[in-house]
Amino acid sequence: MWTANEIAQLCYEHYGIRLPKQGKPEPNREWTLLAAVVKIQSPVVQAYNTPDKPTQVTKEVVSVGTGTKCIGQSKMRKSGDILNDSHAEVIAKRSFQRYLLHQLQLAATLKEDSIFVPGTQRGLWKLRSDLFFVFFSSHTPCGDASIIPMLEFEDQPCCPVRDWTKNPSVEASSNLEPPENKQKYKDLDSPVTKKMRLELGTPDREVANGAADHRSFGKQQSGQIPPGVSSSNLTVKGLASVTRIALCGAKVVDVHRTGAKCVPGEAGDSGQPGAAYHQVGLLRVKPGRGDRTRSMSCSDKVARWNVLGCQGALLTHFLEEPIYLKAVVIGKCPYSQEAMQRALIERCQNVSALPKGFGVQELKIQQSDLLFEHSRCAVQAERADSSGRLVPCGAAISWSAVPEQPLDVTANGFPQGTTKKGIGSLQARSRISKVELFRSFQKLLSSIAEDQWPDSLRVQKLVTYQEYKEAASAYQEAWSTLRKQAFASWIRNPPDYHQFK
């Protein structure tokens with residue numbers, strides 16, 4: 001029906017052709033991450049399908065996000081007009097919610113065809129049976145999914161991890177990025193970095209759910225990865241203190257690091273050199289430059305979406321069942337199938353007694369062989385002989401498949417170009433900020449006759465963003481169950497950050 005490479009190529013082409021230069025990395029100096037949601041439509045099964053007429057599917061990018069930054073907790077605002085988390089995966093998901101709101105508006109007003117059809121209860125809608133969604137990210141999500149075993153014959157991608165351990169307390173700004181240091185990294189100009197190249201001859205393949213796979217960048221001192229080497233040699237417990245030997249005799253000597261820090265209440269990382277540096281399976285918070293953030297890692301957030309859905313609490317009011325992702329596709333990067341399975345699915349697999357419609361999904365996880373042109377490693381390879389430090393792009397791009405103003409470019413949580421004087425004005429709001437998505441939700445509500453509202457919105461007078469979220473009782477019950485059974489240490493923002501109207 002579709003392959004990982006087809007999904008990756010579609011997203012890369014959309015990024016290159018449909019998005020303007022605004023918000024993209026400065027050539028030869030900056031890098032970024034890309035994420036997207038792809039809608040896949042498969043035709044209704046025909047009784048007379050023939051081998052010479054394979055099933056045709058329609059693939060469409062419906063949301064895109066780029067970005068690598070988060071704001072510190074001191075910059076958070078109670079007015080809901082700033083983006084706390086601008087990592088690509090989160091931008092793509094919020095852009096997807098904007099798309100879903102538009103599609104619900106189409107369905108409710110009967111103006112055009114929508115991805116939604118009427119549900120069985122008054123005021124509720126459900127996704128058409130011939131549609132599903134695939135999530136793409138050019139890199140493994142920061143946090144648990146990016147703690148990947150490294151074998152002794154592998155070269156580190158980009159900046160070697162061994163330098164990171166010289167000052168493990170320093171916080172990196174994003175996934176696989178080395179910490180700030182007053183001295184320039186000599187390794188950026190090392191022969192290993194300059195000669196870094198992608199693995200050659202890696203086949204385009206789909207990795208089935210649960211299959212073990214381990215991929216990396218760079219030269220190998222012993223040629224291609226032997227067939228017997230895979231991340232399945234490393235269990236969740238084993239990674240905490242890895243010393244074992246892979247089947248081919250190659251020793252696990254290190255792990256790819258994540259800049260995400262363990263949340264208070266979780267067991268911490270050992271910080272020891274080598275493969276024992278990280279504990280795995282833990283909740284983590286994204287790092288900041290001095291000012292710690294309150295944003296959970298992308299691994300944690302995607303795992304949450306796999307139980308609660310991508311629609312969030314507000315849209316649950318209008319939906320008969322959550323909007324789940326069918327699959328996650330990762331671009332070419334250091335990768336472990338086991339780490340992805342663990343981070344996105346297995347940490348929640350024993351969660352039970354969820355409300356009707358909610359459940360831990362059997363998410364299909366695959367990797368593409370195609371590298372994102374503006375990824376850190378791709379840009380590093382292109383500028384091997386260039387001077388100056390490679391830095392993450394400060395801007396984030398949001399794009400949604402909506403007719404009015406689909407593009408939204410932000411920096412530091414506000415629309416790009418916002419001045420200090422302008423903060424607080426309507427022009428200084430991202431279209432995917434909490435307050436603007438709430439405005440879109442209220443617009444949808446006002447377009448529907450009150451006697452056609454879903455029951456959850458008719459029981460009491462609701463005013464604030466917090467009240468509308470709390471009134472989505474099934475969603476809140478599912479979220480409470482997930483926290484109690486799997487994510488007890490999840491950092492939640494105080495209610496006073498959700499009291500805006």
Side-chain angles (χ1 to χ4, degrees), residues 11-36 64-72 83 85-92 136-142 146 156-160 163-164 170-182 184-185 187-190 193-194 196 198 217 257-259 286-290 293 298 331-334 370-399 407-418 430:
C11 295
Y12 294 158
E13 288 177 353
H14 190 99
Y15 172 85
I17 298 172
R18 298 288 298 276
L19 301 188
K21 289 184 178 180
Q22 183 187 7
K24 290 182 178 179
E26 182 180 324
N28 232 25
R29 197 183 78 86
E30 295 180 330
W31 60 275
T32 195
L33 301 173
L34 172 70
V64 173
T66 73
T68 65
K69 303 287 187 177
C70 287
I71 65 166
L83 296 177
D85 187 341
S86 293
H87 278 218
E89 296 94 327
V90 177
I91 296 292
F136 173 78
S137 178
S138 62
H139 201 287
T140 52
C142 65
S146 288
Q156 275 280 5
C158 305
C159 294
D163 275 0
W164 303 9
V170 178
E171 295 187 352
S173 69
S174 84
N175 191 32
L176 288 179
E177 184 188 1
E180 288 282 1
N181 198 312
K182 292 182 180 179
K184 291 183 179 179
Y185 280 87
D187 294 279
L188 288 175
D189 297 316
S190 68
T193 302
K194 287 185 177 182
M196 186 206 72
L198 298 178
F217 284 111
R257 306 290 165 83
T258 178
K286 289 167 182 169
R289 297 290 187 181
T293 80
C298 287
K332 184 70 175 177
C333 66
L370 304 180
L371 180 66
F372 178 43
E373 63 175 318
H374 288 152
S375 68
R376 189 169 192 272
C377 285
V379 177
Q380 183 73 68
E382 289 293 325
R383 69 187 298 277
D385 296 321
S386 301
S387 59
R389 184 168 175 266
L390 182 63
V391 297
C393 180
I397 302 173
S398 161
W399 182 91
L407 188 70
D408 189 64
V409 181
T410 56
N412 300 312
F414 294 111
Q416 197 172 44
T418 299
S430 164

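Note that this is a predicted model, so its numbers are computed, not measured.
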Do [X] and [Y] come close enough that some side-chain heavy atom pair is under 4.5 Å?
X: V64; Y: L34; result: yes
X: L370; Y: K332; result: no
X: S430; Y: F414; result: no
X: Y15; Y: K24; result: yes

Any donor-acceptor N/O pair, [X] side chain to [Y] backbone, under 3.5 Å:
X: T66; Y: I397; result: yes
X: T258; Y: S146; result: no
X: H87; Y: T68; result: yes
X: R376; Y: L390; result: no

Evaluate the side chain to side chain contact (heavy atoms under 4.5 Å, CB included) criterion for residues T140 and C333: first the C-alpha distance (whole Å), next the side-chain angles of each, then the deciding distance (0.1 Å), finally the verdict.
CA-CA 7 Å; T140 52; C333 66; 4.0 Å; yes
Give the minimum heavy-atom separation between [X] and [Y], together with the two atoms involved.
X: V90; Y: K286; answer: CG2-NZ, 3.7 Å
X: C393; Y: K69; answer: O-CE, 4.0 Å
X: G259; Y: P287; answer: O-CG, 3.4 Å
X: A378; Y: L371; answer: CB-CD2, 3.5 Å
X: E89; Y: C142; answer: OE2-N, 4.4 Å
X: I91; Y: G65; answer: CG2-CA, 3.5 Å

Would you say that more than 12 heavy atoms from the other residues, nucleotides or ligands in this model lie under 6.0 Å from the CD of E382, or not? no
Mind checking the [atom1]-[atom2] spacing from [X] to [Y]? Nearest 0.5 Å is all I need.
X: E26; Y: H374; atom1: CD; atom2: NE2; result: 11.0 Å
X: E373; Y: T32; atom1: CD; atom2: OG1; result: 11.5 Å
X: L33; Y: S138; atom1: CG; atom2: OG; result: 5.0 Å

Hits for ring pair (Phe, Tyr, Trp, His ring centres under 6.0 Å) against Y12, two or more places apart or cross-chain, chain-then-number order -> F136, F372
| said: Determine whether L19 and L407 satisfy the following criterion, side chain to side chain contact (heavy atoms under 4.5 Å, CB included), listing intermediate values before the conclusion. | reply: CA-CA 8 Å; L19 301 188; L407 188 70; 4.1 Å; yes
Residue set satisfying side-chain hydrogen bond (donor to acceptor under 3.5 Å, both in side chains) with N412, at least two apart, ordered chain then number -> none
Check your understanding: Could you go step by step and tell me if S375 and H139 meet the side chain to side chain contact (heavy atoms under 4.5 Å, CB included) rule?
Key -> CA-CA 8 Å; S375 68; H139 201 287; over 6 Å; no
